[in-house]
Amino acid sequence: MRQIQWKSPSNIALVKYWGKHGVQLPSNPSISFTLGECTTTTALKWEHGSGKVSLRFNGEDNAAFTARTEKYIRSIETYLPHLPGLDLAIDSVNNFPHSAGIASSASAMSSLALCLCSLEQELSGVEMDEKDFFRKASFLARLGSGSASRSVYGGFVSWGRAEQLEGSSDEYASPLPFAVHENFRELRDSILIVDEGPKAVSSSKGHELMKIHPYAAERFEHARDNMLNLLEALKNGDEEAFVRIVENEALGLHGLMMSSDPGYILMKPGSLQIIEKIRRFREATGIPACFTLDAGPNVHLIYPSREAEAVHELINRELLVYCKANRRIDDHIGSGPQKS
Ligand code: PMV
């Protein structure tokens, strides 16, 4: 069998995607930065056959992921005309715990979408220009997992139609069309692993609950405002606004989950302790360190690299005690996926 391989990073959303409609279209625009260290490496082997799909995850056969992947592949075949009839053997390896509030579906689905686009390009013999290639990969990744659409690019990435971003679309993500202020070019993200277990509720369920959420309309409106203000802050270097918006989005997301019906509490006591301590540290030092969370208990501590020493001291002194087996992952803004 011949092989294609892509390594793709996870991303951390600053303005969150939470709620969708139609075929995986977002109810509000979102923005994230792509990580550098938390990655999935996907190897795709293929040969002409009868259209069988098999998947190994972290070195083991995984029936649940195989079924999900097969369904996904069948659903995107119309965009990949050379795919039907190929036997595919997919081998996906994560270098970080999955389903624990680090968007593992983002790195997994983006690396798979990139492999499928490379395969299509190879079999069709038509070289796509780079922009079209990544746009198609983002489009296909989105159909697997919304947040994955943002992981095909490095740096700051937006997904979803936003008036102030020319060329933005609900169908695919795009890198920001302007250079962010130097204050934000070297952001770090220390992920504090409060709990490694699987999530109490899947993000699909969470998105679904937004369809009947009493605050949905206001949320989507508020996310648009946060998006607009965050873009301004990224342009002009306003760290105070950045911190305010990022934390508002994180707590807003968890507030939505708590006020869903049924409601979910995905933070753990340790998550709250960490949040409290980050805020106290910021007040005491003036260092613009802030937190965000995805749909899970782990806390992403975001800070500029110039403050790394002081923040690492805080982590070691006050935050690690709330982490499972003292676990944390020191990550940073990254440059995007790589083919190997
Ligand atoms: O891509 P999904 O369906 O796993 O949703 C991800 C949702 C959040 O991670 C909570 C927010 C986001 O924008 O990444």
Side-chain angles (χ1 to χ4, degrees), residues 8-35 38 40 65 68-69 72 75 94 96-113 138-153 156-162 168 170-174 189 191 198-211 213 219-220 222-224 226-227 230 245-258 260 264-267 271 291-300 302 331:
S8 191
S10 181
N11 67 74
I12 179 66
L14 303 174
V15 172
K16 310 288 182 183
Y17 150 58
W18 200 243
K20 61 181 173 180
H21 62 96
V23 186
Q24 200 94 308
L25 295 167
S27 299
N28 63 263
S30 58
I31 183 165
S32 58
F33 67 79
T34 298
L35 297 176
C38 291
T40 301
F65 285 180
R68 185 177 162 189
T69 307
Y72 165 67
S75 76
N94 257 16
F96 62 99
H98 72 99
S99 304
I102 309 173
S104 69
S105 62
S107 51
M109 295 314 295
S110 59
S111 56
L112 177 58
S138 176
F139 170 87
L140 293 178
R142 176 201 114 227
L143 294 171
S145 162
S147 57
S149 65
R150 300 184 307 242
S151 267
V152 308
Y153 300 107
F156 287 88
V157 183
S158 77
W159 168 44
R161 179 87 195 101
S168 58
D170 285 350
E171 303 270 351
Y172 47 79
S174 330
D189 176 6
I191 309 166
K199 286 193 260 182
V201 60
S202 68
S203 50
S204 325
K205 177 94 203 258
H207 293 300
E208 197 56 39
L209 286 169
M210 285 307 287
K211 290 193 173 138
H213 199 292
R219 158 61 193 163
F220 303 142
H222 184 56
R224 275 169 214 287
N226 275 346
M227 181 86 182
L230 185 65
I245 298 163
V246 168
E247 293 193 352
N248 177 264
E249 277 289 316
L251 296 179
L253 171 71
H254 281 257
L256 289 166
M257 288 185 282
M258 287 191 245
S260 290
Y264 291 95
I265 303 173
L266 300 185
M267 282 192 255
S271 323
F291 65 85
T292 187
L293 303 112
D294 274 337
N298 299 326
V299 182
H300 291 248
I302 314 277
D331 213 326

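FYI, the numbering just counts along the sequence from 1. Atoms within a ligand are numbered from 1 in the order they appear, just like the ligands themselves.
- Between Ala106 and Ser145, the shortest heavy-atom contact is N-OG, 4.5 Å.
- To the nearest 0.5 angstrom, Leu25 atom CG is 7.5 Å from Trp159 atom CH2.
- For ligand 1, the atoms lying closer than 4.0 Å to a non-hydrogen atom of Ser145 are 1 (O), 2 (P), 4 (O).
- Arg68 forms no cation-pi arrangement with Phe65, by the criterion of a distance under 6.0 Å to the ring centre and an angle within 45° of the ring axis.
- If you check the side chains of Thr34 and Asn11, you find no donor sitting under 3.5 Å from an acceptor.
- Shown here for Trp18 and Ala295, the closest heavy-atom pair between the two residues is CH2-CB, 4.0 Å.
- The atoms of ligand 1 that sit less than 4.0 Å from any heavy atom of Ala13 are 12 (C), 13 (O), 14 (O).
- Close approach of ligand 1 to His207 (heavy-atom distance below 4.0 Å) involves ligand atoms 2 (P), 3 (O), 5 (O).
- Contact atoms of ligand 1 toward Gly146: 1 (O) (distance under 4.0 Å to a heavy atom of the residue).
- Comparing Arg142, Lys16, Arg150 against atom 14 (O) of ligand 1, the shortest heavy-atom distance belongs to Arg150.
- Here's the thing with Trp18: none of its N/O atoms is less than 3.5 angstrom from an N/O atom of ligand 1.
- Checking only distances, Asn11 never comes within under 3.5 Å of ligand 1, N or O to N or O.
- Listed by chain and residue number, Arg279, Arg282 satisfy the salt bridge (charged side-chain N to carboxylate O under 4.0 Å, His left out) test with Glu247 (two or more places apart in sequence, or in another chain).
- Lys211 meets the salt bridge (charged side-chain N to carboxylate O under 4.0 Å, His left out) test with Glu208; sequence neighbours excluded.
- Contacts of Ser203 with ligand 1, taken as heavy-atom pairs under 4.0 Å, involve the side chain alone.
- The Ser105 neighbourhood of ligand 1 comprises atoms 4 (O), with distances under 4.0 Å to a heavy atom of that residue.
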